[in-house]
Engineer: 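This is the structure I want to talk about, given as structure tokens.
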Number of protein chains: 2
Amino acid sequence: MARAESKKLKDAPEKTTRIQEINRRLILDAALDVFSTYGFRGTTIDQIAERAGMSKPNLLYYFPRKQNIYVTLLEETLTEWLAPLAEIDAEGDPIEQLRKYITLKINMSETHPEASRLFANEILHGAPAISDFLTKYLKPLVDEKAGVIRRWVGEGKLAPVDPYHLIFMIWATTQHYADFDVQVRAIMGSQVGRPGFKEQTAQAVLSIILGGIKPRN
Amino acid sequence: MARAESKKLKDAPEKTTRIQEINRRLILDAALDVFSTYGFRGTTIDQIAERAGMSKPNLLYYFPRKQNIYVTLLEETLTEWLAPLAEIDAEGDPIEQLRKYITLKINMSETHPEASRLFANEILHGAPAISDFLTKYLKPLVDEKAGVIRRWVGEGKLAPVDPYHLIFMIWATTQHYADFDVQVRAIMGSQVGRPGFKEQTAQAVLSIILGGIKPRN
DNA sequence: CAAAAACTTGACTACTTGGTCAAAATGCAG
DNA sequence: CTGCATTTTGACCAAGTAGTCAAGTTTTTG
């Protein structure tokens with residue numbers, strides 16, 4: 001019976017071999033690069049295959065459809081991308097919690113700009129592949145954190161501000177540096193690469209947003 | 001010789017007929033819709049032709065290449081899109097000037113979301129068609145206005161803030177509502193369509209940003 | 001109104017690209 | 001080492017799409 005397990009069992013965890021693990025990873029990594037640069041339609045399977053260092057039919061052996069790669073990629077990174085939001089602690093100090101959140105987001109924009117661009121592109125085109133995710137997973141999470149922020153405002157710990165718009169503003173500003181990178185570079189030139197640029201950015205974003213929501217007495 | 005003018009003269013203003021004017025407009029309007037939704041690669045000439053109500057060869061009679069439509073469209077809207085920035089008046093009241101600018105941008109995001117998405121998509125994919133524009137036209141303009149803001153800060157009329165990051169933040173937040181519309185809708189639901197939503201948005205954005213840059217005494 | 005110019009289109013071509021397939025190569029358990 | 005399962009790939013196909021073209025239709029002009 002031990003052998004039978006290696007055959008497909010209805011709900012079995014689909015045993016994955018060593019080679020499968022390696023190649024799926026290679027493909028997904030390559031696909032992230034390419035999809036985030038050219039979008040879904042703008043990307044060809046050949047491009048991904050070449051970057052992953054394998055033939056197209058080989059790639060299709062692991063992901064039978066182009067869509068599969070794309071969706072797997074989105075799912076894989078979405079939760080991770082949202083993790084910082086989930087970490088906002090209702091019991092913590094409001095300004096401190098938001099400072100932490102914004103800082104984390106700026107770091108992510110800097111370290112994983114491809115992930116940011118992948119989402120941005122997907123949303124920009126109407127989120128055909130993840131609209132379910134948006135309503136079933138993202139919305140409840142945002143609703144919850146909006147509730148937390150609203151409570152903080154009610155307790156006078158923050159200036160009166162619409163929590164949803166505050167969250168959108170944080171997303172917009174932090175992801176801007178990843179999504180609109182070429183524009184930022186075109187305008188700020190060589191500064192962008194320089195060490196300390198990220199810190200300077202974080203400083204500017206934090207001072208404006210936090211300054212804008214600190215309670216006035 | 002009067003007739004000779006109708007023939008192509010090197011630098012002549014390329015006489016355009018009534019029909020040309022109408023059809024070019026039809027094509028560009030249709031193309032804006034389609035390109036802003038599906039991106040350059042995701043758009044087919046047939047789609048544009050159908051939406052413009054003409055045959056594909058007919059469309060190609062006016063714009064011999066798909067690229068031509070796209071580039072014309074970008075150029076046509078880019079300057080218009082930037083106009084509000086140019087209007088910032090160094091002699092005016094800083095807070096008032098920025099309030100006006102932000103309000104104009106939010107209005108544009110609401111009235112021309114397709115234009116916003118067209119640019120967003122182009123920038124997201126590395127701005128292959130307009131990188132020249134960015135450095136030759138956008139950068140100087142931003143540099144100038146950044147200078148104005150820096151002066152205001154120096155005069156103590158604004159809290160110390162990096163002018164470039166402030167401008168990016170305004171762009172990011174205002175355009176977010178056009179570019180990430182589906183996400184905003186997924187989260188805020190029916191509120192988005194409601195009358196007054198735009199005003200509420202403007203109010204939230206203005207209060208945070210302006211609150212964040214008002215001078216502290 | 002007649003000829004010229006401008007406009008329109010059905011049919012077609014060349015090329016790209018997602019996906020198939022059968023056969024070969026490789027890995028692995030006994 | 002042997003035989004079975006997994007992995008790999010060259011060759012191929014069908015669909016989709018940018019762009020052409022020659023032949024027609026409409027508009028403009030003298």
Side-chain angles (χ1 to χ4, degrees), chain A residues 1-9 12-28 30-31 34-35 37-73 128-129, chain B residues 1-9 12-28 30-31 33-35 37-73 125 128-129:
Chain A
M1 196 58 201
R3 225 107 303 107
E5 272 189 4
S6 69
K7 296 224 157 207
K8 64 212 160 203
L9 278 175
E14 288 290 332
K15 147 188 147 184
T16 55
T17 71
R18 182 182 53 88
I19 295 178
Q20 274 168 34
E21 214 159 305
I22 292 172
N23 283 341
R24 275 179 207 275
R25 190 72 268 137
L26 279 174
I27 293 169
L28 289 172
V34 188
F35 278 135
T37 307
Y38 302 104
F40 182 74
R41 290 287 306 265
T43 295
T44 70
I45 299 185
D46 294 84
Q47 273 178 295
I48 304 176
E50 184 179 355
R51 181 167 284 239
M54 68 184 69
S55 67
K56 175 164 71 169
N58 199 182
L59 180 149
L60 287 164
Y61 172 75
Y62 293 100
F63 293 89
R65 313 267 143 196
K66 187 181 172 188
Q67 264 279 345
N68 295 161
I69 316 176
Y70 187 67
V71 172
T72 304
L73 206 50
Chain B
M1 196 55 202
R3 226 106 303 111
E5 271 188 4
S6 69
K7 296 223 157 208
K8 65 214 160 199
L9 278 174
E14 287 289 332
K15 148 188 148 186
T16 55
T17 71
R18 182 182 52 90
I19 294 177
Q20 273 167 37
E21 214 158 304
I22 292 172
N23 282 343
R24 274 180 208 274
R25 190 72 269 137
L26 278 174
I27 293 168
L28 289 172
D33 278 356
V34 188
F35 278 135
T37 308
Y38 303 104
F40 182 74
R41 289 286 306 267
T43 294
T44 70
I45 299 185
D46 294 85
Q47 272 178 296
I48 304 176
E50 184 179 355
R51 181 167 283 240
M54 68 184 68
S55 68
K56 175 164 71 170
N58 198 183
L59 180 150
L60 287 164
Y61 172 75
Y62 293 100
F63 293 88
R65 313 267 144 198
K66 186 182 171 186
Q67 264 278 346
N68 294 358
I69 316 176
Y70 186 68
V71 172
T72 304
L73 205 51
H125 293 0

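The structure displayed is predicted, hence computed values, not measured ones. Letters A, B, ... are given to chains in the order of the sequence lines, protein chains preceding strands, and every chain is numbered from 1.
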Engineer: Between B:Tyr62 and C:dT8, is there a contact of a side-chain N or O with OP1 or OP2 at under 4.0 Å?
Structural biologist: yes

Engineer: Among the nucleotides C:dT17, D:dT8, C:dC7, which one has an atom lying closest to any side-chain atom of B:Ile19?
Structural biologist: C:dC7

Engineer: Please state how far atom CD1 in B:Ile27 lies from atom P in D:dG19, giving the value in whole angstrom units.
Structural biologist: 14 Å

Engineer: Please state how far atom CG in B:Leu60 lies from atom P in C:dA6, giving the value in whole angstrom units.
Structural biologist: 19 Å

Engineer: In whole angstrom, what separates A:Lys56's NZ from D:dT7's C1'?
Structural biologist: 18 Å

Engineer: From C:dT8, C:dG18, C:dG27, pick the nucleotide closest to the side chain of A:Asp46?
Structural biologist: C:dG18

Engineer: Of the options D:dT20, D:dT8, D:dT17, whose atoms approach the side-chain atoms of B:Pro57 most closely?
Structural biologist: D:dT20

Engineer: With the side chain counted from C-beta on, respond yes when A:Phe40 and B:Arg41 share a heavy-atom pair under 4.5 Å apart, and no when they do not.
Structural biologist: no

Engineer: Should we count OH of A:Tyr38 as having more than 12 external heavy atoms under 6.0 Å?
Structural biologist: no

Engineer: Nearest-Å distance, CD1 (A:Ile45) to P (D:dG16)?
Structural biologist: 15 Å

Engineer: Do the side-chain N or O atoms of A:Gln20 get closer than 4.0 angstrom to the phosphate oxygens (OP1, OP2) of D:dT7?
Structural biologist: yes

Engineer: Give a yes/no answer on whether the side chain of B:Asn23 brings an N or O atom under 4.0 Å of OP1 or OP2 in C:dT8.
Structural biologist: yes

Engineer: Any side-chain heavy atom of B:Met54 within less than 4.5 Å of one from B:Ile27?
Structural biologist: yes

Engineer: Would you kindly give the CD1-to-P distance between B:Ile22 and D:dT26, to the nearest whole Å?
Structural biologist: 17 Å

Engineer: Nearest-Å distance, CE (A:Met54) to P (C:dT26)?
Structural biologist: 16 Å

Engineer: C:dG19 base to A:Lys66 side chain: any donor-acceptor pair below 3.5 Å?
Structural biologist: no

Engineer: C:dC7 phosphate, OP1 or OP2: any side-chain N/O from B:Asn58 under 4.0 angstrom?
Structural biologist: no

Engineer: For B:Phe40 and for A:Tyr61, find the nucleotide of DNA chain D with the closest heavy atom, then tell me which residue's nucleotide is more 5'.
Structural biologist: A:Tyr61

Engineer: Using a cut-off of strictly less than 4.0 Å, decide whether A:Arg65 has a side-chain nitrogen or oxygen near OP1 or OP2 of C:dT20.
Structural biologist: yes

Engineer: Starting from C1' on C:dT9, measure out to CG on B:Leu59 and report it in whole angstrom.
Structural biologist: 13 Å

Engineer: On the nucleotide C:dT16, are OP1 or OP2 found under 4.0 Å from the side-chain N or O atoms that A:Arg41 carries?
Structural biologist: no

Engineer: Counting only heavy atoms from other residues, nucleotides and ligands, does the tally under 6.0 Å from CD of B:Glu50 exceed 12?
Structural biologist: no

Engineer: Within this structure, what is the CD-to-P distance between B:Glu21 and C:dA6, rounded to whole angstrom?
Structural biologist: 16 Å

Engineer: Can you find a pair of side-chain heavy atoms, one from B:Phe35 and one from B:Leu28, that are under 4.5 Å apart?
Structural biologist: no

Engineer: Does the side chain of A:Thr17 get closer than 4.0 angstrom to OP1 or OP2 of D:dT7 through an N or O atom?
Structural biologist: yes

Engineer: Compare side-chain N and O positions of A:Arg18 against OP1 and OP2 of D:dT7 and report whether any pair is under 4.0 Å apart.
Structural biologist: no

Engineer: Taking the side chain as C-beta and beyond, is there a heavy-atom pair between A:Arg65 and A:Tyr70 under 4.5 Å?
Structural biologist: no

